[in-house]
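In what follows, chains are A, B, ... by sequence order, proteins preceding strands, each numbered from 1.
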Amino acid sequence: MHIDPLEKKWAAIALGIAGLFVTVILSSALFHGIHAPSHVEPIDSASLHLSGEFAEDKLGIEEDAAGNITVRIVAGRYGFYPQDIVLPTDTPLTFRMVSQDVIHGVHVPMTNMSTMIVPGYVAEVKTELHHAGAYPLLCNEYCGMGHAHMWNNIKVIGKEQWDALKHPQGDASHE
Amino acid sequence: MNNTTEKTLALSHFWVAFGAFALACLMGIYQVIERSGFIGWIQSREVYYASTSTHGVLMAFVLTTFFIMGFGYYVATTTLKLPVWNKTFAWAGFWVSLSGVVLAALPLLTGAASVLYTFYPPVQAHVLFYIGATLLVVGSWFWCVSMIVMYMQWKKANPDDPVPLAMFATAANTILWLWTSAGVAAEMLFQLIPWALGWVDTIDAGLARTLFAWTLHPIVYFWLIPAYIAFYCLVPKQAGGYVFSDELARASFILLVVFSLPIGFHHLYMDPEQASGWKLLHMVGTFVVTLPTFITGFTVIASLEIAGRLNGGKGLFGWIGALPWTNHLVLAIILALLMLILGGFGGLINASYAMNAMIHNTAWVPGHFHLIFGGTTIIMYFGIAYYFWPVLTGRPLFSNNLALIQLWTWFIGMVILTTPWHILGLLGQPRRIDSVHYNNLLTLSWEPYEITMIFGGLILVGSAGLLIYNLAKTQFHVTETYEGEVEYAEPIHPVKALPAYLNSFAMWNWVIGAFMLFAFGYPVAQFFLMKTYGSSPWGY
């Protein structure tokens with residue numbers, strides 16, 4: 001069997017290129033915890049509205065004592081509910097999303113907020129948004145005739161502004 | 001050798017393939033115009049999604065499957081110097097596939113199967129669509145059996161000889177296709193068809209997506225392998241040279257088959273029903289499968305360099321100019337390689353685990369696969385068609401110049417179409433939308449790119465018309481006769497003997513089986529181990 005020395009060198013270079021990519025991705029995953037959204041958590045899409053965290057009055061934002069925010073959204077043809085969400089910059093966000101009907105996808109353009117919303121499973125994404133502004137949250141998976149008309153609005157405001165909104169009377173010590 | 005039957009067999013498959021292609025091109029231009037919203041009266045989301053679904057099915061399933069079958073039959077006959085095994089059986093495969101196409105076309109064209117080509121349960125299509133698509137695949141399995149039987153016949157008669165490279169690669173594609181079509185076949189037979197017939201009430205969309213992902217990546221290599229066969233076995237001869245390395249070509253094909261199969265669910269990076277550990281594992285596999293493509297690029301360019309230098313090219317780059325650019329197969333490979341470099345770069349971004357979030361399901365993705373599939377793969381199919389048509393019809397090509405113009409215009413049109421698509425993806429445009437009018441400032445920046453895309457699409461449709469015109473003229477209006485046969489390139493170092501692992505797939509099937517069990521075993525089994533909830537069918 002004949003393998004040219006040049007081919008051997010090239011094979012080594014190609015292996016090096018692939019190896020470099022894999023090393024970078026593996027190290028960011030294993031040492032910095034950068035992962036694709038993954039959360040194997042079944043849920044019955046047919047009874048979301050009856051009780052539990054995706055009942056209508058539970059949707060939207062929930063902030064815990066440490067300032068971490070959970071955003072619960074139901075996707076259904078053709079909208080994301082609730083329709084308008086205000087979020088702070090530079091704050092750990094956990095999006096928990098479910099579909100009440102078919103497969104949807106979601107992303108916020110120019111950010112890494114992206115996931116598929118498959119009926120029967122809770123889609124969870126953890127991220128932070130760094131730039132204030134008005135963003136659409138778009139359905140990016142074909143879900144039926146109204147697919148191109150499925151979005152909601154996200155308004156991202158500065159962390160300081162967010163804190164000021166929560167304490168409109170100013171510093172708590174004056175009260 | 002009198003191979004009239006084989007010629008008719010190949011030609012019949014090719015005509016179905018290119019007929020589907022021409023129809024799908026017309027749908028493509030309609031879609032890009034409709035989507036832009038510039039012409040009010042053609043706006044229709046019903047027609048748009050029916051058209052998109054049909055375009056995808058025709059291009060990705062009909063064009064490819066029929067082209068690959070036709071090409072395979074003729075390659076097997078000419079490399080092995082054997083008649084096609086059991087002609088009735090081969091024709092039966094053709095008719096089973098064709099009837100599947102017709103069955104699927106009825107609901108597709110009437111808008112009763114607007115579920116796009118990856119099926120998307122729980123959105124439900126008419127059951128005829130699922131049955132038709134299944135029959136198309138079943139017909140292709142007839143082809144697989146023919147290829148394997150002919151391979152065995154030849155091996156039996158020539159036990160110690162290396163199987164001719166083109167046939168070795170065809171057999172590799174057969175193995176690949178049998179393994180990978182099992183995923184979509186399971187989805188069809190155990191999930192979609194019983195559900196569409198109403199025998200079961202619900203479907204697990206997570207399981208369906210996982211089974212489809214099993215098929216989704218290797219199927220791309222199924223489409224690409226004939227292009228690679230032309231790279232290695234047809235082009236060097238046409239360019240006036242030799243294959244740089246026969247052994248490494250075999251190794252590339254084996255690597256392609258073995259490593260492309262167990263990595264399909266990098267398409268599920270953003271899905272909630274699979275855990276990150278499995279996604280990370282499939283990421284590693286995805287990068288391994290870049291190796292055979294890197295090696296192919298090297299060997300093929302080296303083969304071209306040999307040809308260029310034999311033609312008198314001097315210096316570091318002089319050999320490029322010395323290549324016969326007016327030979328349609330040589331031009332095809334030059335353009336195809338350029339597209340492979342651009343598209344391959346996009347593919348590396350897609351494969352990058354967390355970076356995928358940025359471009360997942362955006363317009364970037366159709367931009368990427370139109371480069372690899374609509375560019376590299378299809379350009380080589382064109383090149384092969386121009387080379388095979390005179391051989392199969394017995395008439396010289398109607399116009400070589402027209403063929404060259406067609407290849408160039410396809411390349412240029414595809415660059416103009418896919419560049420804005422990539423940019424739109426980075427700007428956040430979702431894929432598969434029938435209109436770009438979101439009520440938001442950010443999305444207004446998309447509009448200028450739509451005009452460019454229409455321009456690219458128009459060039460592509462013109463180019464597709466040239467192809468059909470040239471092939472039809474050759475077959476039906478040229479009166480001279482042509483008696484050439486397909487010629488395969490020789491390696492620089494003739495291969496006298498090969499170790500069994502480079503000349504047979506017996507061992508590799510076991511390796512693939514083990515890999516598949518490892519990569520998909522638990523991810524499929526988990527749906528039966530945990531409590532899951534199915535979804536009821538939805539219309540659209």
Side-chain angles (χ1 to χ4, degrees), chain A residues 1-4 6-7 10-11 13-15 17-18 21-22 25-26 28-29 34-46 101-103 105 107-110 112-124 134-136 138-149 151 153, chain B residues 45-46 49 116 120 122-123 204-206 209 245 247-248 269-276 279-280 283-284 287-288 290-291 294-295 298-299 348 352-354 356-358 360-362 427-428 430-435 438 440-443 493 498-499 526 530-536 538 540:
Chain A
M1 199 171 111
H2 170 89
I3 292 187
D4 197 276
L6 260 181
E7 289 174 324
W10 175 250
I13 292 171
L15 202 63
I17 295 173
F21 272 84
V22 170
I25 297 170
L26 276 181
S28 63
I34 298 172
H35 285 285
S38 296
H39 195 73
V40 188
E41 182 185 342
I43 191 166
D44 187 359
S45 289
D101 43 37
V102 301
I103 298 173
H107 75 267
V108 177
M110 319 302 219
N112 67 352
M113 206 313 262
S114 170
T115 188
M116 300 292 299
I117 311 177
V118 178
Y121 302 89
V122 178
E124 188 175 290
Y135 293 83
L138 303 170
C139 179
N140 68 7
E141 185 59 281
Y142 173 70
C143 57
M145 291 297 149
H147 168 48
H149 302 276
W151 75 88
N153 304 303
Chain B
R45 54 197 198 181
E46 286 78 11
Y49 289 116
L116 304 179
Y120 291 100
V123 174
D204 188 330
R209 283 181 66 77
S245 169
E247 288 94 335
L248 220 60
Y269 278 163
M270 294 295 130
D271 272 42
E273 76 277 3
Q274 294 293 350
S276 49
K279 292 178 182 175
L280 206 57
M283 179 277 294
V284 177
F287 279 94
V288 173
T290 60
L291 290 179
F294 274 125
I295 292 172
F298 180 82
T299 308
L348 287 177
S352 301
Y353 194 51
N356 183 273
M358 187 70 188
H360 177 78
N361 275 0
T362 67
L427 291 175
R431 63 173 174 177
R432 297 169 173 159
I433 47 172
D434 63 297
S435 91
Y438 288 94
N440 190 289
L441 276 180
L442 190 69
T443 59
H493 305 280
L498 281 171
Q526 66 165 357
M530 65 182 174
K531 169 86 181 134
T532 56
Y533 305 88
S535 297
S536 308
W538 291 81
Y540 28 83

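- When side chains are defined from C-beta on, P109(A) does not count as touching L427(B), because their heavy atoms never get closer than 4.5 Å.
- With a threshold of 4.5 angstrom between heavy atoms, A46(A) does not approach chain B through any atom at all.
- In this structure, chain A has a heavy atom under 4.5 Å from the side chain of T290(B), while its backbone stays farther away.
- Looking only at heavy-atom pairs under 4.5 Å with chain B, the residue among A18(A), G144(A), P37(A) that has the most is P37(A).
- Heavy atoms closer than 4.5 Å to chain A are found in both the backbone and the side chain of S276(B).
- With a threshold of 4.5 angstrom between heavy atoms, E273(B) approaches chain A through its backbone and through its side chain.
- In this structure, chain A has a heavy atom under 4.5 Å from the backbone of K531(B), while its side chain stays farther away.
- Each of I13(A), I43(A), L15(A), I17(A) has some count of heavy-atom pairs under 4.5 Å with chain B, and the biggest count is that of I43(A).
- Of the listed residues (D44(A), V108(A), V22(A)), the greatest number of heavy-atom pairs within a distance under 4.5 Å of chain B belongs to D44(A).
- The side-chain hydrogen bond (donor to acceptor under 3.5 Å, both in side chains) check on H149(A) picks up nothing, with sequence neighbours excluded.
- With respect to chain B, the highest number of heavy-atom pairs below 4.5 Å among I103(A), V122(A), N112(A) belongs to I103(A).
- Interatomic distance, E247(B) CD to L498(B) CG, rounded to the nearest 0.5 Å: 6.0 Å.
- Counting only distance, with no hydrogens or angles, the side chain of S45(A) and the backbone of D101(A) share no donor-acceptor pair below 3.5 Å.
- Under the 3.5 Å distance criterion, the side-chain polar atoms of K279(B) are left unmatched by any main-chain donor or acceptor of H35(A).
- When M113(A), M145(A), E124(A) are compared by the number of non-hydrogen pairs under 4.5 Å with chain B, M145(A) comes out ahead.
- Contact of H360(B) with chain A is made through backbone and side chain together, with heavy-atom distances under 4.5 Å.
- Most heavy-atom pairs under 4.5 Å with chain B, from the set V118(A), I34(A), T115(A), L26(A): that is V118(A).
- Using a distance-only test at 3.5 Å, with no hydrogens or angles considered, a donor-acceptor pair links the side chain of D4(A) to the main chain of L6(A).
- Under a 3.5 Å cut-off, the side chain of T362(B) and the backbone N or O of P430(B) do not form any donor-acceptor pair.
- Side-chain N or O atoms of H107(A) include none that pairs as donor or acceptor with a backbone N or O of N140(A) at under 3.5 Å.
- Between C139(A) and H147(A), the closest side-chain pair of non-hydrogen atoms falls below 4.5 Å.
- Heavy atoms closer than 4.5 Å to chain A are found in the side chain of Y49(B), but not in its backbone.
- Put simply, of Y540(B), F287(B), Y269(B), F298(B), the one with the most heavy-atom pairs under 4.5 Å next to chain A is F298(B).
- Using a 4.5 Å cut-off between heavy atoms, D271(B) touches chain A through backbone and side chain atoms alike.
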